[in-house]
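A quick note: this is a predicted structure, and the numbers were derived from the prediction, not measured. Proteins come first, then strands; the chains are lettered A, B, ... in the order of their sequence lines, and each starts at number 1.
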Protein chains: 2
Amino acid sequence: MDLASARNLPATAHVVLGLVSIRPTAGHDLAGFSERSIGNFFPIARSQIYSELERLCRLGLLSVTEVAQERRPTKRVYEVTEAGEADLRLWLEDGEVPAERNRNLFLVRVFFADRISGQRLAALLDGYEANARARRDMLAAVVEKLADRPGSAFRRATAMFGVRHAQATLDWVSDVRLVLRDMSVCGVE
Amino acid sequence: MDLASARNLPATAHVVLGLVSIRPTAGHDLAGFSERSIGNFFPIARSQIYSELERLCRLGLLSVTEVAQERRPTKRVYEVTEAGEADLRLWLEDGEVPAERNRNLFLVRVFFADRISGQRLAALLDGYEANARARRDMLAAVVEKLADRPGSAFRRATAMFGVRHAQATLDWVSDVRLVLRDMSVCGVE
DNA sequence: TTTGACATGTAAGCCGTTACATGATTTA
DNA sequence: TAAATCATGTAACGGCTTACATGTCAAA
């Protein structure tokens with residue numbers, strides 16, 4: 001295996017490696033598991049999962065076994081190798097966590113909101129709020145489900161992060177609605 | 001101009017178009033302005049600004065004039081055309097705002113935190129907290145600076161969004177610290 | 001009979017990042 | 001004399017998304 005190439009792998013590869021390390025998985029199953037677990041803060045496209053699995057295999061970080069099934073297509077089940085475990089540990093322990101600069105196209109509309117009709121702006125706010133509320137409730141349910149379960153404190157924490165941020169969005173929407181009300185009272189527009 | 005191609009432009013192109021529409025600008029100046037204004041929720045690389053400007057020009061949404069300067073290199077100053085104004089209005093009014101699924105590599109570490117040493121985890125939390133605190137304070141200063149200034153309510157709102165979310169992060173870090181304390185009290189690890 | 005779940009991929013293409021390249025002028 | 005600011009780009013590369021392609025089996 002080429003150590004240098006493994007160290008330059010994109011984050012997605014390491015995340016896939018980490019997911020497989022939880023338990024041996026085939027591509028299709030992993031796509032589902034990824035979506036249900038880290039999907040809320042690190043979505044990965046199915047096609048990319050397949051290609052990452054193949055690359056990790058090529059680099060010797062994963063091994064693959066074909067598993068025949070009755071009444072189902074044959075699966076290609078991947079498993080972490082020793083080299084893979086080592087690489088994962090290294091990435092988790094020593095890898096740097098770059099500060100991410102996330103994009104938010106909704107805020108771009110707010111930035112240009114003086115060019116947007118009041119009607120449209122109200123609709124945008126409503127949609128954004130509904131989205132945040134649904135997200136908050138969904139994640140709050142996850143948090144509740146994981147409460148008091150011993151091994152899931154960290155996964156619960158990631159869901160709680162989403163709850164806190166969705167709530168922040170909801171609070172902010174209220175702020176903005178107040179600002180809009182003040183503006184219309186003052187006769188602007 | 002080709003309407004179909006304009007409608008398929010990536011968001012970044014429209015954002016650049018919007019920034020130029022605020023006032024005619026050259027690439028270098030626009031990079032600075034972008035960084036200082038929308039940079040906090042829609043960062044654009046300098047090189048990309050140059051290429052988007054060129055494309056928008058090619059599509060007839062911008063026009064360009066070379067402006068000679070004393071003691072400075074000549075600038076290529078871009079300006080929105082009528083077609084550009086129309087396209088921008090269309091994008092702001094009718095364009096869809098896709099729900100963005102942001103990545104957060106820090107949360108990935110939390111997800112895999114049972115494989116991380118307590119020392120490392122504490123360091124990660126400290127770093128994340130410091131980052132959020134700095135961000136919150138920086139944006140709070142922006143909010144304050146824009147207070148009571150008439151035309152800047154919406155830009156102020158975008159900064160307030162950042163404040164709310166940075167604060168949510170700080171609150172969450174406190175949550176996680178409590179969880180960690182409970183875990184160590186119970187003798188886990 | 002047709003929809004949906006299960007299962008694995010390929011191909012194309014653009015977006016976006018990073019690094020490179022150049023040169024004048026001001027300031028320390 | 002060196003570094004920082006002003007100014008404009010090019011080149012390369014990889015990541016990620018979208019769409020395409022194929023086939024079985026169960027259930028409605």
- Is any side-chain N or O of Arg46(B) closer than 4.0 Å to OP1 or OP2 of dT17(C)? no
- Task: Rounded to the nearest angstrom, tell me the gap between atom CD in Gln48(A) and atom P in dA11(C).
- Result: 17 Å
- Query: Can Arg156(B) and Asp148(B) be counted as an ion pair, charged N to O under 4.0 angstrom?
  - Reply: no
- His28(A) has a side chain; which of dC16(D), dT8(C), dT17(C) sits nearest to it? dT8(C)
- To the side chain of Asp29(B), which of dA7(D), dT10(D), dT17(D) is closest? dA7(D)
- Message: Whole angstroms only, please: what is the CG-C1' distance between Leu9(B) and dG16(C)?
- Response: 16 Å
- With the side chain defined as heavy atoms from C-beta on, Glu52(B) is closest, among dG16(C), dC6(D), dT8(C), to dG16(C)
- Note on the structure: Of dA7(D), dG9(C), dG16(C), the nucleotide closest to the side chain of Arg76(A) is dG9(C)
- Item | 5′-ward residue of the pair Ser47(B)/Arg55(B) relative to DNA chain C | Arg55(B)
- Expressed in angstrom and rounded to an integer, what is the separation of Arg103(A) atom CZ from dG15(D) atom P? 18 Å
- Distance in angstrom units between Glu54(A) CD and dG14(D) C1', rounded: 16 Å
- Euclidean distance, atom CD1 of residue Ile49(B) to atom C1' of dT8(D) [Å, nearest integer]: 13 Å
- By nearest-nucleotide position on DNA chain D, the 5'-leaning member of Phe42(A) and Val77(B) is Val77(B)
- Calculate the interatomic distance between Asn8(A) atom CG and dT17(C) atom C1'; express it in whole Å. 15 Å
- Task: Give Arg101(A) one of three labels, base, sugar-phosphate or nothing, depending on what nucleic acid heavy atoms sit under 4.0 Å from its own.
- Result: nothing
- Task: Would you indicate which nucleotide in dG9(C), dC16(D), dT18(C) comes nearest to any side-chain atom of Tyr50(A)?
- Result: dG9(C)
- Is the number of heavy atoms from other residues, nucleotides or ligands within 6.0 Å of CD (Glu85(B)) greater than 12? yes
- How many Å lie between CD1 on Ile44(B) and P on dT18(C), as a whole number? 15 Å
- Would you call Asp114(A) and Arg155(B) a salt bridge, taking side-chain N to carboxylate O under 4.0 Å as the test? no
- Would you find more than 12 non-hydrogen atoms of other residues, nucleotides or ligands less than 6.0 Å from Asp94(A) atom CG? yes
- From CD of Glu100(A) across to C1' of dG16(C) the rounded distance in Å is 15 Å
- Task: Measure distances between side-chain N and O atoms of Ser51(A) and base N and O atoms of dT10(C), and say whether any donor-acceptor pair falls under 3.5 Å.
- Result: no
- Message: Given the ring of Tyr128(B), does Arg109(B) sit roughly above its face, with NZ or CZ under 6.0 Å from the centre of the six-membered ring and within 45° of the axis?
- Response: no
- Message: Taking the minimum atom-to-atom distance to the side chain of Tyr78(B), which one of dC6(D), dA7(C), dG9(D) wins?
- Response: dG9(D)
